[in-house]
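Have a look at the structure below, then the notes.
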Amino acid sequence: MILIDGKKAAAELREELKKEVAELKNKHNKVPGLTVILIGELAPSKIYVKNKEKSAIEVGLKSEIIRYPETVEEKTVLEKIDELNNDDAVSGILVQLPLPKHIDKQKVIEAISPGKDVDGFHPMNVGNLSSGYDSSVPCTPLGCYLLIKKIEPNLSGKKAVVVGRSNLNGKPMTQLLLKENCTVTITHSKTDDLKGECLKGDIIVAAVGIPELVKGNWVKKDAIVIDVGINKTEKGIVGDVDFDEVSKVAKALTPVPGGVGPMTIACLLKNTIECFKRSQKN
Ligand code: NAD
C-alpha cells in the first residue's frame, strides 16, 4: 500500500511555488501578496492563520494579517475588504472562518473580489469551476486532487465516490474529478446504501467529519482513498476513514494527520500566485 505523504507533497509544491515567485518577481518587479483577516480569538483559527503566514513568507509572498476583536462591526470588515479589493499590492484576500454570529458569512464571501478570492468560495468562482472555466478552487479539494494525480495521472473513466457534499469540500471535489472525466457519485447523510456506493469507487474521497466512518469492507481492492476528515477522539486525531482496516485493501491512502492537511495551506499559496498571474494578464 502506498502511504500518501502529504507533508512531502506539500514541501515539494512549496519548493515549486518558491521558484515561481522568484520568476514573477524578476518579470513584474513585485511579488504576489496575501492578506488574511482574522476576527476574534479562536485558538484553532489563530494557529491556522499563523501557519498560513509562515508558509507564505517561506515561498516569498508578501503576507499581511489584519486582526479584529470578536466584537468588530460587519460594516468595518466589509469596508476593509473593499479597500483591499482596490489595493494593487494585494493579490489574494482570505477571511478566516468561522466568523462571529453577528457577521453574515455569505455577505463577507461575496464582498471579496472574485479575482482575489483565494478560498474559491465566491459564487462566481463556484460557477466558473462548475462550468469548467478557469477559477480559484477551494484549497482542500485542490490539495486532494493534486495528491490523487500523483498516484494516478490519468483519471479518465475512473469511478470516483465523494462522501460529503459540503460547499467547502465535497461539491468542489466532485467538479475537479468530473473535469478529469471521472464518473462521479456524490454521497451524503441521506444516501441509502453508502457502503454499496463506496464499494464501486476506484477513488474515494471522504469529507464527512465522522471518525473512521469508511471501513475496510466498504473499499474496493486497490482503490485510492483520500481522507479529508479531522476528528478529535479519545485516541487522538483521526480521519473519516478507518486507517488500519482500509490500509489492508487500498492501493493508496492518506494518513491523518500528515495527508490532506499540509496540502491545504500549500494550495492557498498556489491560489494566491494564480490570482496574481490572472491580474497581470488583465
Ligand atoms: P460539513 O459538516 O460541512 O459537511 C459534511 C458532509 O458530510 C455533509 O455534506 C453531510 O451530508 C455528510 N454526512 C454527514 N453524515 C454523513 C453520513 N453518516 N454518511 C455520509 N455522509 C454524511 O463538513 P466539511 O466542512 O466538509 O468537513 C468534513 C471533514 O473534513 C471534517 O472532519 C473537517 O474537520 C475536515 N476538514 C479538513 C480539512 C483539511 O485541511 N484536511 C479542511 C476542511 C475540513
Side-chain angles (χ1 to χ4, degrees), residues 4-11 13-14 36 42-45 47-52 54-55 94-99 105-106 109 118-121 126 129 136-148 160-177 184-201 204-215 217-219 225-233 235-243 246 253-271:
I4 305 174
D5 187 342
K7 270 192 194 164
K8 185 164 167 254
L13 179 55
R14 284 198 303 273
V36 177
L42 273 181
S45 293
I47 295 169
Y48 291 145
V49 167
K50 216 174 170 47
N51 288 340
K52 285 169 184 173
K54 186 172 156 258
S55 303
L94 181 152
V95 179
Q96 182 65 44
L97 302 178
L99 297 175
K105 181 177 97 175
Q106 199 55 27
I109 288 173
V118 280
D119 260 335
F121 294 161
V126 175
L129 176 64
S136 279
V137 178
C139 304
T140 302
L142 180 58
C144 296
Y145 165 81
L146 295 174
L147 291 176
I148 295 168
V161 179
V162 177
V163 190
R165 58 174 161 185
S166 69
N167 291 339
L168 178 69
N169 290 307
K171 284 182 193 156
M173 190 69 239
T174 300
Q175 298 298 346
L176 289 170
L177 292 164
V184 191
T185 302
I186 182 159
T187 64
H188 45 78
S189 55
K190 303 284 186 279
T191 295
D192 195 17
D193 175 16
L194 188 58
K195 176 184 172 186
E197 296 299 340
C198 285
L199 271 168
K200 294 177 196 158
I204 298 174
V205 180
V208 187
I210 299 181
E212 300 176 325
L213 174 74
V214 178
K215 302 293 176 197
N217 62 358
W218 292 27
V219 175
V225 182
I226 305 293
D227 189 351
V228 180
I230 301 176
N231 307 295
K232 266 192 197 163
T233 68
K235 63 174 182 180
I237 301 279
V238 301
D240 293 341
V241 173
D242 187 321
F243 185 89
V246 173
L253 171 63
T254 55
V256 176
V260 173
M263 285 299 279
T264 298
I265 293 188
C267 286
L268 169 67
L269 310 178
K270 183 174 168 56
N271 279 351

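For the single chain, residues carry numbers from 1 onward in sequence order. Both ligands and their constituent atoms are indexed starting at 1 by order of listing. Since we're looking at a predicted model, the values are computed, not measured.
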Donor-acceptor contacts, no H, no angles, side chain residues 254-267, under 3.5 Å, sequence neighbours left out:
from, atom 1, to, atom 2, distance (Å)
T254, OG1, D227, N, 2.8
T264, OG1, T140, OG1, 3.2

More than 12 heavy atoms of other residues, nucleotides or ligands under 6.0 Å from NZ of K215: is that the case? yes
Can you check which of L97, V163, V228 brings a heavy atom nearest to atom 41 (N) of ligand 1? V228
Could you tell me which atoms of ligand 1, counted from 1 in the order shown, lie closer than 4.0 angstrom to a heavy atom of N231? 32 (O)
Classify the contact between T191 and ligand 1 as side chain, backbone, both or neither, using a heavy-atom distance cut-off of under 4.0 Å. neither
Near G261 (heavy-atom distance under 4.0 Å), the atoms of ligand 1 are 40 (O), 41 (N)
Interatomic distance, K171 atom NZ to I186 atom CD1 [nearest 0.5 angstrom]: 7.5 Å
In the protein, what heavy atom is nearest to atom 15 (N) of ligand 1, and what distance, to one decimal place, separates them? I210 CD1, 3.6 Å
Side chain, backbone, both or neither: which applies to N167 and ligand 1 if a contact is any heavy-atom pair less than 4.0 Å apart? neither
May I ask whether T187 places a heavy atom under 4.0 Å from ligand 1? no
Could you identify the single nearest non-hydrogen protein atom to atom 40 (O) of ligand 1 and state the distance to 0.1 Å? T264 OG1, 2.8 Å
Report the part of V208 (side chain from C-beta onward, or backbone N, CA, C, O) that has a heavy atom under 4.0 Å from ligand 1; answer both or neither where that applies. both
Answer yes or no: is there a donor N or O on one side and an acceptor on the other, between the side chain of S166 and the main chain of N169, under 3.5 Å? yes
Side chain, backbone, both or neither: the part of L168 lying under 4.0 Å from ligand 1 by heavy atom: side chain
Could you name the option among G143, G6, S189 that has the heavy atom nearest to atom 22 (C) of ligand 1? S189
Atom 27 (O) of ligand 1 has as its nearest protein heavy atom N169 ND2, 3.5 Å
V260 heavy atoms within 4.0 Å reach ligand 1 at atoms 41 (N)
Counting only heavy atoms not in Y48, do more than 12 sit closer than 6.0 Å to its OH atom? no
When distances are taken from atom 19 (N) of ligand 1, the protein heavy atom at minimum range is L194 CD2, 3.4 Å
For the CG atom of L129 and the CG atom of L176, what is their distance to the nearest 0.5 Å? 5.5 Å
To the nearest 0.5 angstrom, please state how far the CG atom of L177 sits from the CE atom of M173. 4.0 Å
Should the proximity of I230 to ligand 1, defined as any heavy atom under 4.0 Å, be assigned to the side chain, the backbone, both, or neither? both
The side-chain contact (heavy atoms from CB on, under 4.5 Å) partner of V205 among I148, D240, L147 is I148
Considering only non-hydrogen protein atoms, determine which one is nearest to atom 31 (C) of ligand 1 and report residue, atom name and distance to 0.1 Å. G209 CA, 3.7 Å
Can you find a pair of side-chain heavy atoms, one from L253 and one from F243, that are under 4.5 Å apart? yes
Inter-residue atom distance L168.CG - F121.CZ, 0.5 Å rounding: 4.5 Å
Looking at K171, E197, H188, K190, the heavy atom closest to atom 21 (N) of ligand 1 belongs to H188
Is it true that a side-chain atom of N231 and a backbone atom of G239 form a donor plus acceptor pair closer than 3.5 Å? yes
With a cut-off of 6.0 Å (strictly less than), are more than 12 heavy atoms of other residues, nucleotides or ligands near CG of D192? no
Nearest option to atom 6 (C) of ligand 1, as decided by whichever heavy atom of G164, P262, G170 sits closest: G164
Considering only the protein, which heavy-atom contact is closest to atom 1 (P) of ligand 1, and what is its distance? S166 CB, 4.0 Å
Quick check: R165 and ligand 1, any N/O pair under 3.5 Å apart? yes
Least distance between heavy atoms, C139 atom then V118 atom: SG-O, 3.7 Å
What residue and atom, counting heavy atoms only, is the protein's closest point to atom 42 (C) of ligand 1, and at what distance? T140 OG1, 3.3 Å
